[in-house]
Peer 1: 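Structure incoming, see below.
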Amino acid sequence: MQTLSTICIAAIAAAMFKILVPENKFSKQISLLTAGVFLLVGITAFSGTKLDLDISAFEEEAEGKINDFSSEVNESLRDEICEKMEEKVRYLLMQSEIYPEQIHVIVNISGLYGIDITEIRIVLEEGEAEETAKTAESLLKNELSENIKITVLTR
């Protein structure tokens with residue numbers, strides 16, 4: 001009895017689908033698709049196997065791929081922002097004849113269009129005077145946004 005009800009439901013669904021789709025140049029392809037689905041339902045109904053149309057596994061896999069892609073984009077964006085900011089800081093310091101050993105740019109990406117440079121850490125070479133560190137810090141505070149924390153360290 002279940003076999004006949006499955007076939008009847010599939011036939012009704014196929015007929016409704018055919019009615020809902022307007023006549024156009026794709027009518028032959030849609031008829032073929034509808035016949036294929038109806039045939040698949042009929043074969044599975046007679047063979048006694050259950051037709052499993054659960055797509056949750058595919059959705060989870062697709063979501064995982066989207067998250068991986070999103071994190072790759074965020075990482076690439078973070079790297080580029082750090083590189084450009086480091087170039088700008090080196091240029092600003094070089095104009096005052098300050099040559100840092102290392103520059104660390106800390107970036108926070110907090111969602112869509114939420115990119116913040118939170119801190120810039122500068123490491124000066126060993127033996128640099130404390131006055132040079134203060135000069136570098138004040139120069140960067142004047143040139144960069146006030147929201148960015150500037151830290152200058154000497155070894």
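We use all heavy atoms of the structure for the numbers below, so side chains are in, but hydrogens, waters and symmetry mates are not.
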Peer 1: Is there a path of hydrophobic side-chain contacts, each under 4.5 Å between heavy atoms of I, L, V, M, F, W or Y residues, that connects Leu93 with Val123?
Peer 2: no
Peer 1: Sequence neighbours excluded, which residues qualify as salt bridge (Lys or Arg N to Asp or Glu O under 4.0 Å) partners of Glu146?
Peer 2: none
Peer 1: Of the non-hydrogen atoms in Glu125 and Tyr99, which two are nearest, and what is the gap between them?
Peer 2: OE2-O, 4.1 Å
Peer 1: Check side chain to side chain donor-acceptor pair (under 3.5 Å) between Glu101 and all other residues, then give those that pass, not counting sequence neighbours.
Peer 2: Arg155
Peer 1: Among residues at least two apart in sequence or on other chains, which ones pass side-chain contact (heavy atoms from CB on, under 4.5 Å) with Ser145?
Peer 2: Asn147, Ile148
Peer 1: Going by side-chain contact (heavy atoms from CB on, under 4.5 Å), name the residues that satisfy it together with Glu119, two or more places apart in sequence or in a different chain.
Peer 2: Ile106, Arg121, Lys149, Thr151
Peer 1: With sequence neighbours left out, which residue pairs that include part of residues 130-140 fulfil the side chain to side chain donor-acceptor pair (under 3.5 Å) condition?
Peer 2: Glu137-Lys141
Peer 1: Could you pull out the closest heavy-atom pair between Leu124 and Pro100, with the gap in Å?
Peer 2: CD2-CA, 4.0 Å
Peer 1: What's the spacing between Leu140 CG and Ile150 CD1 if we round to 0.5 Å?
Peer 2: 5.0 Å
Peer 1: I'd like to know if Arg90 and Glu87 make a salt bridge, using a cut-off of under 4.0 Å between side-chain N and carboxylate O.
Peer 2: no
Peer 1: How many angstroms lie between SG in Cys82 and CD1 in Ile103, if you round to the nearest 0.5 Å?
Peer 2: 11.5 Å
Peer 1: Measure across Arg78 and Val107 and return the closest heavy-atom pair with its distance rounded to 0.1 Å.
Peer 2: NE-O, 3.7 Å
Peer 1: Residues two or more places apart in sequence or in another chain: which of them pass side-chain contact (heavy atoms from CB on, under 4.5 Å) with Leu77?
Peer 2: Ile81, Ile109, Ile115
Peer 1: Measuring from atom CG of Leu144 to atom CG of Leu92, what distance do you get when rounded to the nearest 0.5 angstrom?
Peer 2: 6.5 Å
Peer 1: Test of understanding: with side chain to side chain donor-acceptor pair (under 3.5 Å), list the residues that count as partners of Glu80, not counting sequence neighbours.
Peer 2: none
Peer 1: First locate atom NE2 of His104, then atom CD of Gln102, and finally report the distance between them rounded to the nearest 0.5 Å.
Peer 2: 4.0 Å
Peer 1: Could you work out, with salt bridge (Lys or Arg N to Asp or Glu O under 4.0 Å) as the rule, every residue matching Lys88, not counting sequence neighbours?
Peer 2: none
Peer 1: Check step by step if side chain to side chain contact (heavy atoms under 4.5 Å, CB included) holds for Val89 and Met85.
Peer 2: CA-CA 6 Å; Val89 168; Met85 183 54 85; 4.1 Å; yes
Peer 1: Will you find, in the side chains of Gln95 and Tyr91, an N or O donor that is under 3.5 Å from an N or O acceptor?
Peer 2: yes
